[in-house]
**Student:** 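The structure that follows is given in the form of structure tokens.
Numbers for residues simply follow the sequence, beginning at 1.
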Amino acid sequence: MFWIYKFCIPIYFLGIRIAALFRQDARLWVQGRRHWEQSLDIFNSLAENQNRKRIWIHASSLGEFEQGKELIETLRKNHPELILVLSFFSPSGYEKQKNYKQVDYVCYFLSDIASEINSFIQKLNPALVLLLNMIFGLMHFIF
């Protein structure tokens with residue numbers, strides 16, 4: 001079953017790139033991921049971002065973000081020393097929250113391609129990952 005997923009994901013993302021020729025939301029999705037490595041490298045190189053623990057918070061969409069917003073604000077209030085990184089899969093969340101002041105960095109989440117995810121995690125080096133997920137109204141925590 002995994003091989004089907006692994007085979008279909010690149011086709012799905014190719015479809016989004018084709019849709020970007022006709023749809024604004026798909027175009028934002030593609031453009032937002034274009035220079036992710038350089039953007040993250042610049043963020044990492046800032047002196048104030050070095051040697052501090054990072055929490056990566058991922059919300060696929062704006063709705064998931066809204067459900068976890070109180071958690072993010074509580075983390076910021078109680079642990080100002082942490083670097084909070086917020087990622088979105090969808091343009092609806094990213095475009096509305098790209099300047100969200102309660103986190104240190106907002107970005108698009110990459111595709112589900114293992115090499116890209118591994119590269120992102122290696123560059124970000126989070127101490128904790130929080131996945132805000134609306135499935136069954138649960139929040140998943142990965143340590």
Side-chain angles (χ1 to χ4, degrees), residues 1-46 48-50 52-80 82-143:
M1 194 61 146
F2 180 70
W3 67 270
I4 294 173
Y5 180 80
K6 198 172 179 179
F7 175 77
C8 292
I9 283 297
I11 295 170
Y12 173 74
F13 292 120
L14 175 63
I16 291 175
R17 285 179 169 71
I18 293 169
L21 299 171
F22 309 101
R23 294 184 49 97
Q24 177 66 14
D25 55 348
R27 191 172 311 114
L28 290 170
W29 191 93
V30 170
Q31 290 171 349
R33 288 164 173 78
R34 202 166 271 150
H35 302 291
W36 75 268
E37 283 185 284
Q38 296 90 334
S39 177
L40 188 52
D41 286 343
I42 291 168
F43 176 77
N44 284 337
S45 70
L46 299 174
E48 67 268 15
N49 295 335
Q50 297 176 7
R52 290 170 55 204
K53 286 190 177 182
R54 296 167 182 219
I55 295 182
W56 170 26
I57 305 158
H58 175 69
S60 288
S61 67
L62 184 60
E64 291 175 351
F65 165 78
E66 291 296 336
Q67 283 190 342
K69 191 174 180 178
E70 186 175 339
L71 172 66
I72 295 168
E73 292 173 3
T74 300
L75 276 171
R76 173 54 70 212
K77 180 180 175 188
N78 294 335
H79 298 282
L82 294 173
I83 292 177
L84 302 181
V85 175
L86 175 63
S87 66
F88 288 97
F89 188 79
S90 74
S92 68
Y94 176 80
E95 291 300 321
K96 290 204 181 347
Q97 298 302 329
K98 62 185 172 188
N99 297 314
Y100 182 53
K101 301 294 184 214
Q102 296 296 317
V103 298
D104 300 287
Y105 184 68
V106 181
C107 62
Y108 271 105
F109 182 66
L110 308 172
S111 65
D112 282 352
I113 297 171
S115 62
E116 288 183 354
I117 293 170
N118 289 336
S119 182
F120 181 79
I121 290 172
Q122 190 173 14
K123 285 180 178 289
L124 185 59
N125 192 24
L128 177 69
V129 177
L130 302 175
L131 303 174
L132 306 178
N133 190 332
M134 285 182 25
I135 297 174
F136 305 115
L138 300 173
M139 284 189 209
H140 299 278
F141 299 90
I142 298 177
F143 298 90

**Student:** Tell me, please, which residues at least two apart from S92 pass side chain to side chain donor-acceptor pair (under 3.5 Å).
**Tutor:** S90
**Student:** Using the side chain to side chain donor-acceptor pair (under 3.5 Å) criterion, which residues pair with Y105? Sequence neighbours excluded.
**Tutor:** S39
**Student:** For Y108, run the ring-ring contact (aromatic ring centres under 6.0 Å, His included) check against F120, W36, Y94 and tell me which one passes.
**Tutor:** Y94
**Student:** Could you tell me whether the side chain of S119 and the main chain of E116 form a donor-acceptor pair under 3.5 Å?
**Tutor:** no
**Student:** For L71 and L132, what are the C-alpha separation, side-chain angles and deciding distance, and is it a side-chain contact (heavy atoms from CB on, under 4.5 Å)?
**Tutor:** CA-CA 10 Å; L71 172 66; L132 306 178; 4.3 Å; yes
**Student:** When you measure from the side chain of D104 to the backbone of V85, do you find a donor-acceptor pair of N or O atoms at a distance under 3.5 Å?
**Tutor:** no
**Student:** Nearest 0.5 Å please: distance from the CG atom of L62 over to the CD atom of E95.
**Tutor:**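 Answer for the CG-CD pair, L62 versus E95, is 11.5 Å.
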**Student:** Determine, step by step, whether K98 and F88 satisfy the side-chain contact (heavy atoms from CB on, under 4.5 Å) criterion, reporting the C-alpha distance in whole Å, the side-chain angles of both residues, the deciding distance to 0.1 Å, and the verdict.
**Tutor:** CA-CA 9 Å; K98 62 185 172 188; F88 288 97; over 6 Å; no
**Student:** Can you give me the closest heavy-atom contact between E64 and A59, atom names plus distance?
**Tutor:**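 Where E64 meets A59 most closely, the heavy atoms are OE1-C, 3.7 Å.
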**Student:** Could you tell me which residues satisfy salt bridge (Lys or Arg N to Asp or Glu O under 4.0 Å) with K123, sequence neighbours excluded, listed by chain and number?
**Tutor:** D41
**Student:** Calculate, to the nearest 0.5 Å, the distance between atoms CG and CD1 belonging to L130 and I57 respectively.
**Tutor:**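 Atom-to-atom, L130:CG and I57:CD1 are 5.5 Å apart.
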**Student:** Between H58 and F89, is a side-chain contact (heavy atoms from CB on, under 4.5 Å) present by the stated rule, with each step listed?
**Tutor:** CA-CA 8 Å; H58 175 69; F89 188 79; 4.1 Å; yes
**Student:** Atom OG in S87, atom CG in L124: separation rounded to 0.5 Å?
**Tutor:** 8.5 Å
**Student:** Is the count of non-hydrogen atoms from other residues, nucleotides or ligands lying under 6.0 Å from R23 atom CZ greater than 12?
**Tutor:** no
**Student:** Between P80 and R52, what is the shortest heavy-atom contact and its length?
**Tutor:** O-NH2, 3.7 Å
**Student:** Using 0.5 Å steps for rounding, measure from the CD atom of E66 to the CD atom of Q97.
**Tutor:** 6.0 Å
**Student:** Is a donor on one side and an acceptor on the other found under 3.5 Å between the side chain of R76 and the backbone of L82?
**Tutor:**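 Judged by distance alone, yes, a pair lies under 3.5 Å.
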**Student:** Tell me, yes or no, whether the heavy-atom count around E70 atom CD, taken from other residues, nucleotides or ligands under 6.0 Å, exceeds 12.
**Tutor:**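 Incorrect, the count does not exceed 12.
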**Student:** So how far is it from L40 CG to N44 CG, rounded to the nearest 0.5 Å?
**Tutor:** 4.5 Å
